[in-house]
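Nothing here was measured: the structure is a model prediction, and the numbers come from that model.
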Amino acid sequence: MNMRSLRGALVWHVQAIKAGFTLPTSTTNLLIHVYSKHNLLHESQKLFDEMPERNVFSWNAMISAHIKTQNLKQARELFDSAPHRDLVTYNSMLSGYASADGYEADALNLFREMQNECEGMKADEVTVTRMLNLCAKLLNVGYGRQLHAFMVKTSADVTGFTVSSLIDMYSKCACFEDAYRVFNRSYEVVDLVTKSSMVAACFRAGETEMALKIFWRVPELNNVVSWTTLISGYVQNGYMEEGLKLFVCMAEAGVRWNERTFASVLKACSGLRSLKRGKEVHACVLKNGLISNKFINSGIFNVYYKCENMKYAELIYLMSRVENSFSIIKLILGYSSQGNMVEARRFFDSLAEKDVVVWTALFSGYVKARQYEAVFELFSDLSKETMVSEPLILVSVLRACVLQAALNPGMEIHAYMLKMGLGMDKKLISTVVDMYSQCGNLTYAETVFRSVAERDTILYNVMISGYAHHGHEIKAIQLFEEMLRNGIKPDMVTFLEILSACHHCGLVELGEKYFNSMTVDYNILPEIDHYACMIDLYGRANQLEKAMGFMKRIPIEQDPVISGWLMSMQQRETELTWGGSHSKTEGIYSMNCA
DNA sequence: GTAGGGTTAG
């Protein structure tokens with residue numbers, strides 16, 4: 001019977017009790033260790049307390065047991081009261097401090113004590129390994145370099161352990177060159193772990209090719225960790241398809257995956273937004289009984305969330321049976337973005353702490369669902385509780401005003417905004433201008449627009465659009481020219497508005513000039529709407545040949561809708577008459593429908 | 001005869 005297994009330990013223990021036999025100290029020490037390994041702290045403690053004689057092994061085992069359960073205070077008390085301490089005692093305590101959050105300073109102090117050779121204790125390579133991990137965690141490369149120097153000076157054994165940690169430390173501290181130098185200079189001790197550390201380091205630095213090269217050195221050594229490092233490295237660098245392919249390669253190489261492998265594969269699926277592959281992996285996970293792993297569970301949740309399958313995402317969340325505000329927030333964001341406000345609201349109300357992200361999502365969801373009354377209600381609820389200073393929330397409320405053409409509430413929001421000192425927020429200002437213009441008060445829109453000292457593209461777009469939609473095409477064109485004079489770069493939206501204005505005024509030559517300037521001066525590729533605008537412009541001016549010529553220039557021919565449209569246009573070329581009141585998009589849609 | 005501390009992929 002193997003005493004290192006829990007079963008073996010229990011059998012030994014019970015037999016000894018039955019026989020009234022006192023276990024030797026070394027056996028009890030082992031039992032303490034085995035119980036602790038299986039999270040049976042209570043049993044370990046009982047054995048330790050009732051031992052007739054203890055040695056340094058007993059103390060070390062008990063200290064480790066407390067560290068394992070994250071009880072560092074208890075561990076330190078034992079450490080201080082132990083009659084004897086050796087290097088293992090120190091290293092155990094140091095290890096506990098280094099991996100726990102908030103005990104980093106204690107770790108450094110303890111290490112300093114060791115350097116002063118307190119109790120004749122001299123840091124060894126285990127100490128150094130642990131300290132390097134701490135540096136990596138704290139991103140403290142300065143201290144890491146000191147440790148590196150210390151290693152060289154004290155000629156502490158260079159082992160696979162120390163080299164791996166050194167590579168890892170440099171890499172996580174963004175010193176890729178140093179990591180690579182260490183790797184290259186430690187040929188004698190390079191093993192699979194060192195290699196994996198270096199592969200991970202390459203990926204952190206975006207050196208995908210180098211990672212692959214190193215991975216294939218001594219390929220027969222590769223195991224699940226090195227393979228998973230490779231897969232997750234590809235995924236992290238955005239190569240999702242390659243990550244999935246490598247997963248297949250790994251299986252073909254006869255290496256069995258574990259839950260970390262699945263976590264990376266799931267990340268690839270959600271990155272690709274591939275519901276099909278996600279479902280396949282989900283099935284695989286279920287078959288392997290890995291669904292209860294929290295990384296895998298959230299990975300599957302993410303697949304469905306990214307694929308906008310909120311019902312499945314919700315199901316996964318509910319089945320995990322773990323209260324998780326992170327998932328709830330995503331459910332709210334997902335449902336809101338789809339305008340499914342009943343579900344979004346259900347989760348929103350269940351959320352204990354609502355932050356600005358969730359509030360914003362709910363507001364914009366209601367806007368998307370065109371439930372402007374809910375927007376106003378929500379805003380009045382929220383502003384009773386607190387001062388709303390999040391620009392995006394106010395943007396949502398203003399958009400609700402636009403939906404409803406509600407000028408008065410819009411003005412109230414504008415006033416509120418000025419009161420809150422949010423008059424400088426660019427996005428908010430643009431929305432205010434848009435709100436005034438769309439609610440029919442162009443004068444106010446103009447006033448606000450002129451009050452802004454530093455105008456950006458979006459602000460200009462909104463004002464130009466305001467002029468254009470109120471029949472002031474010439475003003476729109478003048479403002480566009482002013483925009484160019486002020487050195488503000490127009491974008492696709494600007495050109496769409498301005499071409500539309502030209503179309504409405506029948507300004508063929510000016511429209512041509514602007515259309516050409518898009519690509520020549522601003523490097524903006526015209527989209528289908530821009531072409532449609534030009535075609536309408538020519539059509540309205542009865543320049544049918546030019547219109548046809550333009551249609552043929554549309555470069556997006558792989559689109560079946562466009563090519564179908566083109567073909568039907570060619571058939572109807574002669575019989576086509578152009579109506580007088582085409583808007584910039586009506587042209588397209590009416591022809592598509594025909 | 002019997003024992004304890006450290007490395008890589010989320």
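- A/F183 pairs by the ring-ring contact (aromatic ring centres under 6.0 Å, His included) definition with nothing, not counting sequence neighbours.
- Residue pairs meeting the salt bridge (Lys or Arg N to Asp or Glu O under 4.0 Å) criterion with at least one member in residues 249-266 of chain A, sequence neighbours excluded, do not occur.
- Between A/R130 and A/D124 there is no salt bridge, since none of the side-chain N atoms of the basic residue sits less than 4.0 Å from a carboxylate O of the acidic one.
- In terms of phosphate contacts, A/R4 brings no side-chain nitrogen or oxygen within less than 4.0 Å of OP1 or OP2 of B/dT2.
- Residues passing the ring-ring contact (aromatic ring centres under 6.0 Å, His included) test with A/Y305, sequence neighbours excluded: none.
- When heavy atoms are screened at a 4.0 angstrom cut-off, A/K68 is found touching no nucleic acid atom at all.
- A/F301 and A/Y317 have perpendicular rings, their planes meeting at more than 60° on a 0 to 90° scale where under 30° would count as parallel.
- A salt bridge does not link A/E308 to A/R273: none of the charged side-chain nitrogens sits closer than 4.0 Å to a carboxylate oxygen.
- In this structure, A/Y35 atom OH and B/dA3 atom C1' are separated by 16 Å, rounded to whole Å.
- If you check B/dA9, B/dA3, B/dG6 against the side chain of A/R130, the one that comes closest is B/dG6.
- On a pure distance criterion of 3.5 Å, a polar donor-acceptor pair joins the side chain of A/S164 and the base of B/dT7.
- Note on residues 190-213 of chain A: pairs passing salt bridge (Lys or Arg N to Asp or Glu O under 4.0 Å), not counting sequence neighbours, are A/D168-A/R204.
- For A/L132 and B/dG6, the CG to P distance is 15 Å, given to the nearest whole Å.
- When the side-chain nitrogen and oxygen atoms of A/Q236 are compared with OP1 and OP2 of B/dG10, one or more of them lie within a distance under 4.0 Å.
- Within the nucleic acid shown, A/R204 comes within 4.0 Å of sugar-phosphate atoms alone, with no base atom in reach, counting heavy atoms only.
- Rounded to whole Å, the distance from CG on A/L166 to P on B/dT8 is 13 Å.
- Near DNA chain B, meaning a heavy atom under 4.0 Å from it, residues 258-270 of chain A has A/N258, A/E259, A/R260, A/K267 in order of number.
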Let me have the donor-acceptor pairs involving side chains of residues 231-246 of chain A, under 3.5 Å, with sequence neighbours excluded, atom names and distances please.
from, atom 1, to, atom 2, distance (Å)
A/S232, OG, A/T228, O, 3.4
A/S232, OG, A/T229, O, 3.4
A/N237, ND2, A/F203, O, 3.3
A/N237, ND2, A/G233, O, 2.9
A/E241, OE1, A/R277, NH2, 3.2

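- Following rounding to the nearest Å, A/K137 (NZ) and B/dT7 (C1') show an atom-to-atom distance of 16 Å.
- Among the protein residues, A/T27 comes within range of the nucleic acid bases, having at least one heavy atom under 4.0 Å from a base atom.
- Residue pairs that meet the side chain to side chain donor-acceptor pair (under 3.5 Å) test with at least one member in residues 347-361 of chain A, sequence neighbours left out, are A/R345-A/D349.
- As rounded to whole Å, 16 Å separates atom C1' of B/dG6 from atom CE of A/M93.
- Among the protein residues, A/D168 comes within range of the sugar-phosphate backbone only, with heavy atoms under 4.0 Å from sugar or phosphate atoms but none that close to a base.
- Within 4.0 Å of A/T25, counting heavy atoms only, lies no atom of the nucleic acid at all.
- Partners of A/F379 according to the ring-ring contact (aromatic ring centres under 6.0 Å, His included) rule, which considers only residues two or more places apart in sequence or in another chain, are A/Y416.
- Evaluated for a side-chain contact (heavy atoms from CB on, under 4.5 Å) with A/I393, the options A/L382, A/V375, A/L428 yield exactly one hit, A/L382.
- If you take CZ of A/F203 and P of B/dG10, they are 11 Å apart, rounded to a whole angstrom.
- Only A/V193, A/S196, A/S197, listed by number, bring a heavy atom of residues 183-199 of chain A to less than 4.0 angstrom from any atom of DNA chain B.
- When rounded to the nearest whole Å, the span between CD1 of A/I63 and P of B/dG6 equals 13 Å.
- Listed by residue number, the members of residues 224-235 of chain A with any heavy atom below 4.0 angstrom from DNA chain B are A/V225, A/T228, A/T229, A/S232.
- Nearest to the side-chain atoms of A/F161 among the listed nucleotides B/dG6, B/dG4, B/dT2 stands B/dG6.
- In this entry the distance linking CG of A/N29 with P of B/dG1 reads 18 Å, nearest Å.
- Checked by atom type and distance alone, the side chain of A/H33 never pairs as donor or acceptor with a backbone atom of A/N29 at under 3.5 Å.
- Salt-bridge check for A/R76 with A/D106: failed, with every basic side-chain N at 4.0 Å or more from each acidic carboxylate O.
- Near DNA chain B, meaning a heavy atom under 4.0 Å away, the residues from residues 53-62 of chain A are A/N55, A/F57, A/N60.
- For residues 33-62 of chain A, the set of pairs meeting the salt bridge (Lys or Arg N to Asp or Glu O under 4.0 Å) definition, not counting sequence neighbours, comprises A/K46-A/E50.
- The aromatic ring centroids of A/F215 and A/W227 lie less than 6.0 Å from each other.
- Among the heavy atoms of the strands, none lies under 4.0 Å from A/N297.
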